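Structure first, commentary second.
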Amino acid sequence: MPRLKVNAAFKSAVGTSLTVKGWVRTNRESKADGGLCFVAVSDGSCFDPIQCVVKAGVAGFDDIRKLTAGCAVEVDGELVASQGKGQAVEVLVDPAKGGAVRVLGWVENPDQYPVANKRHTFEYLREVAHLRVRTNTFGAVARVRHCLSMAVHRFFHERGFFYVHTPIITASDCEGAGQMFQVSTLDMVNRKLTPDGKKCDFSEDFFGRQAHLTVSGQLNVETYCCALSDVYTFGPTFRAENSNTSRHLAEFWMIEPEMAFCDLMGDSRVAEDFIKHLVEAVLTERPDDMKFFDERIEPGLIQRLRHVLETPFRRLPYTEAIDILHKAQAAGRKFEFPVKWGTDLQSEHERFLTEEHFKQPVILMNYPKQIKAFYMRLNDPGTDGAPGDTVAAMDVLVPQIGEIIGGSQREERLDVLDRRLDEMKLPKEDYWWYRDLRRYGTVPHAGFGLGFERLVLFVTGMQNIRDVIPFPRAPKQADF
RNA sequence: GCCCUGAUAGCUCAAUGGUAGAGCGACCGGCUGUUAACCGGUAGGUUCUAGGUUCGAGCCCUAGUCGGGGCGCCA
């Protein structure tokens, strides 16, 4: 009998002979019809397990009665219309028609099986990350995560972007996006010091210099942008920040498109189209999993996502956002942190704008230059009526999550870029190859970064970022 | 890094400083084309670690480890 994945079995014609292989979710026994076992088998190919109805005459029926959650089985049977409620079809395992069950792997201590068929907290399941994917929730997250990954590549591929593999290890310390993990083969105990005895001598290290794990592929991908026009990266990113929140990881996946001949407005249009494309993909491709998230994880999720699809994102200047926040304060809205032009918006401010004031995704644009990175393009004085200098930066804020995308138009003018490097006391020589892009055929270009796990949170309604990546890495957390 | 909070059966949680308990799961039996099943029974404990107070500590004190929530940093 041909082996079919469970999702394919569900779509097969009644009467099809088939074999399904997977892991037992539940097993119930009945004395009806001379003895039956109802064995629900999942192989992860879709949300629902398939019910196998095993008749008592099947060889090894005494063993089949003892199947518990987690056991691995192969089942030969026939797809039939279900006599019971709760499923349209099921696999009838009848010895008269060649039905059989082979147990490939038992659960050796069912009383202590970590993911027994009962409710578990997500906190507990993080401690059994190697088994938690066998649960409804984590299986659904894994499939949605895959769906989103494919949709990312499809979105860019269809628009003529090239996928660039930027390096994981970076030997330059010039990315400036946060604390970095060091990469070294030196003996950490008996390490050689520089002649003045004050620092570690990295000249004998693997790369002949200090090296780190990347915190962003952006600077590297800009080089490919300035030859291939439209490019993107999608890879792991590392931050050694001691961040203890439900929205941060030490290792996460980031998507960073970069577009030549593109300004900030064009950048924001791609960001909006991108998010809508991804939301549409999960709604159309994973209705089974999304129904589960809508019912059990965040009631109203699907409606919320449809609203995102149907509504144009609200664009407004940072300067205007500050006005709105000031007016809200005047009307009695309390914030823990002060609202002041020239300072970064706090989480509470961003969430007020996207969740309370506009109730939809919001794109804030043109931030004060002092709170943004050196590579962001300096705007003309007085842009948006701002009281100080601004740069062409944008943040996309969404309800529930806050900032999901950060991007900007890049500074393509070498003299302005050099002035910004000087202001921020960054050594120009470290940026020699980045500056070369401005010396040899510079063009306006723009891009953004999207935190992949935050996207998964946004579309699933899950609350903690550690539950939407298979093996989370966070401070004091690197098991598995 | 800061503030708050927690750690007791495989899991979720109870337990005035005085004999360690329930629900779920597991196991055994009953009933049932079952499906968050239902009914009855059984087993299951170094109360996070190390000290301290006390006649006596799951409970009080000190330190530590780890979890969770909020904030900061950001994606």
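Just so you know, these numbers use all the heavy atoms, side chains as well, and skip hydrogens, waters and symmetry mates. The structure displayed is predicted, hence computed values, not measured ones.
- OP1 or OP2 of B:A36 has not a single side-chain nitrogen or oxygen of A:Arg296 nearer than 4.0 Å.
- Each salt bridge (Lys or Arg N to Asp or Glu O under 4.0 Å) pair with one or both residues in residues 467-480 of chain A, not counting sequence neighbours, appears once here: A:Arg126-A:Asp467, A:Arg132-A:Asp467.
- You can call A:Phe252 stacked on the base of B:A75; the centres are under 5.5 Å apart and the planes sit within 30°.
- Taking the side chain as every heavy atom from C-beta outward, A:Thr390 and A:Tyr367 never approach each other to under 4.5 Å.
- Among the atoms of the strands shown, base atoms are found under 4.0 Å from some heavy atom of A:Glu90.
- Residue order along RNA chain B, read from the 5' end via each residue's closest nucleotide, puts A:Val53 first among A:Glu403 and A:Val53.
- Comparing B:A75, B:G72, B:G33 by their closest approach to the side chain of A:Ala32 singles out B:G33.
- Ion pairing of A:Glu272 with A:Lys276 is present here, as a side-chain N (NZ or NE/NH1/NH2) and a carboxylate O approach within less than 4.0 Å.
- Looking at A:Glu29, its side chain has no donor and acceptor atom pair within 3.5 Å of the base of B:U34.
- Backbone-only engagement by A:Ile404 is indicated by non-hydrogen atom pairs under 4.0 Å involving sugar-phosphate atoms exclusively.
- A gap of 13 Å separates the P atoms of B:G1 and B:G64, to the nearest Å.
- Between B:A57 and B:A15, the distance separating the two C1' atoms is 14 Å to the nearest Å.
- Counting heavy atoms from C-beta outward, A:Leu455 and A:Leu278 have side chains that approach closer than 4.5 Å.
- With a 3.5 Å ceiling on both atom-pair distances, B:A57 lacks any Watson-Crick or G-U wobble partner.
- Base pairing analysis places B:A9 opposite nothing; no Watson-Crick or G-U wobble pair with both distances below 3.5 Å involves it.
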All N/O contacts under 3.5 Å from nucleotides 21-27 of chain B to the protein, with atom names and distances to one decimal?
unit_1	atom_1	unit_2	atom_2	d
B:C24	O2	A:Lys118	NZ	3.1
B:A26	O2'	A:Asp111	N	3.4

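- As rounded to the nearest Å, B:C24 and B:G17 have C1' atoms that lie 31 Å from one another.
- Of all nucleotides listed (B:G68, B:U34, B:A75), B:G68 comes nearest to the side chain of A:Arg126.
- The pairing partner recorded for B:A26 is B:U42, the criterion being a Watson-Crick or G-U wobble arrangement whose two distances lie under 3.5 angstrom.
- For A:Ser243, the side-chain atoms get nearest to B:G72 when compared with the rest of B:C74, B:U32, B:G72.
- Among the heavy atoms of the strands lying under 4.0 Å from A:Ile405 are primed sugar atoms or P, OP1, OP2 only; no base atom is included.
- Contacts of A:Gln51 with the nucleic acid, taken as non-hydrogen atoms under 4.0 Å apart, include base atoms.
- For B:G64, the paired base is B:C48 (Watson-Crick or G-U wobble, both distances below 3.5 Å).
- Rounded to whole Å, the distance from CZ on A:Arg247 to P on B:C74 is 12 Å.
- The side chain of A:Asn464 contributes an N or O atom lying less than 4.0 Å from OP1 or OP2 of B:G69.
- Under 3.5 Å, the side chain of A:Gln87 and the base of B:U34 form at least one donor-acceptor pair of N or O atoms.
- Within 3.5 Å, no donor on the side chain of A:Glu241 pairs with an acceptor on the base of B:G72, nor the reverse.
- Side chains of A:Thr170 and A:Phe238 form no contact here, defined as non-hydrogen atoms less than 4.5 Å apart.
- Atom pair A:Asn244:CG and B:C66:C1' shows a separation of 12 Å (rounding to whole Å applied).
- B:C59 and B:U47: their C1' atoms are spaced 10 Å apart (whole Å).
- Counting non-hydrogen atoms under 4.0 angstrom, A:Thr26 reaches nothing in the nucleic acid.
- Pair check for B:C2 finds B:G70; Watson-Crick or G-U wobble, both atom distances under 3.5 Å.
- Note: A:Phe156 and A:Phe274 have tilted aromatic rings, judged against thresholds of 30 and 60 degrees for the angle between ring planes.
- Ranking B:G72, B:G30, B:G33 by closeness to the A:Lys31 side chain, first place goes to B:G30.
- Using a 4.5 Å heavy-atom cutoff, the side chains of A:Val75 and A:Val39 are not in contact.
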Which pairs of donor and acceptor atoms, one on a side chain in residues 29-37 of chain A, lie under 3.5 Å apart (sequence neighbours left out)?
unit_1	atom_1	unit_2	atom_2	d
A:Glu29	OE1	A:Arg65	NE	3.4
A:Glu29	OE2	A:Arg65	NE	2.8
A:Ser30	OG	A:Ala32	N	3.0

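- Using C1' as the reference atom, B:C4 and B:A22 are 29 Å apart when rounded to the nearest Å.
- Each of B:G33, B:C11, B:C71 was ranked by its minimum atom distance to the side chain of A:Phe337; first place goes to B:C71.
- The shortest distance between side-chain heavy atoms of A:Val101 and A:Glu74 does not fall below 4.5 Å.
- Using modelled atom types and a 3.5 Å distance limit, the side chains of A:Tyr232 and A:Arg159 yield no donor-acceptor pair.
- Side-chain atoms of A:Ile465 lie closest to B:A75 of the nucleotides B:A75, B:G33, B:A37.
- When the C1' atom of B:G30 is taken as reference, atom CZ of A:Arg65 falls 13 Å away, rounded to whole Å.
- A donor and an acceptor atom sit less than 3.5 Å apart, one in the side chain of A:Arg454 and one in the base of B:C74.
- Here B:A75 presents its P atom at 21 Å from OH of A:Tyr232, a figure rounded to the nearest Å.
- The residue among A:Leu450 and A:Leu36 whose nearest nucleotide of RNA chain B is located toward the 5' end is A:Leu36.
- Distance A:Phe448 CZ to B:C74 C1': 17 Å, rounded to the nearest Å.
- Using a 4.0 Å cut-off, some side-chain N or O of A:Thr121 falls inside it from OP1 or OP2 of B:U12.
- Distance from the side chain of A:Arg239 is smallest for B:A75 among the nucleotides B:U34, B:G33, B:A75.
- Spacing between B:G10 and B:G44 at atom P, rounded to whole Å, works out to 11 Å.
- Of the candidate nucleotides B:U12, B:C73, B:U34, B:C73 has the atom nearest to the side chain of A:Thr245.
- Distance noted for atom C1' between B:G41 and B:A36: 22 Å (whole Å).
- Ionic pairing of A:Arg351 and A:Glu348 is not present here: no N-O contact between side-chain nitrogen and carboxylate oxygen is shorter than 4.0 angstrom.
- If you take atom C1' in B:C3 and the same atom in B:G72, they sit 11 Å apart, rounded to whole Å.
- Summarising the geometry, the separation between OH on A:Tyr124 and P on B:C13 is reported as 13 Å, rounded to the nearest angstrom.
- Going from atom CE of A:Met254 over to atom C1' of B:C74 covers 10 Å, rounded to whole Å.
- Taking 4.0 Å as the cut-off between side-chain N and carboxylate O, A:Arg239 and A:Glu251 do not count as a salt-bridged pair.
- B:G69 atom P lies 6 Å from atom CD of A:Glu123, rounded to whole Å.
- Of the candidate nucleotides B:G72, B:C74, B:A37, B:C74 has the atom lying nearest to any side-chain atom of A:His248.
- Under the Watson-Crick or G-U wobble criterion, with both distances below 3.5 Å, B:U16 has no partner in any strand shown.
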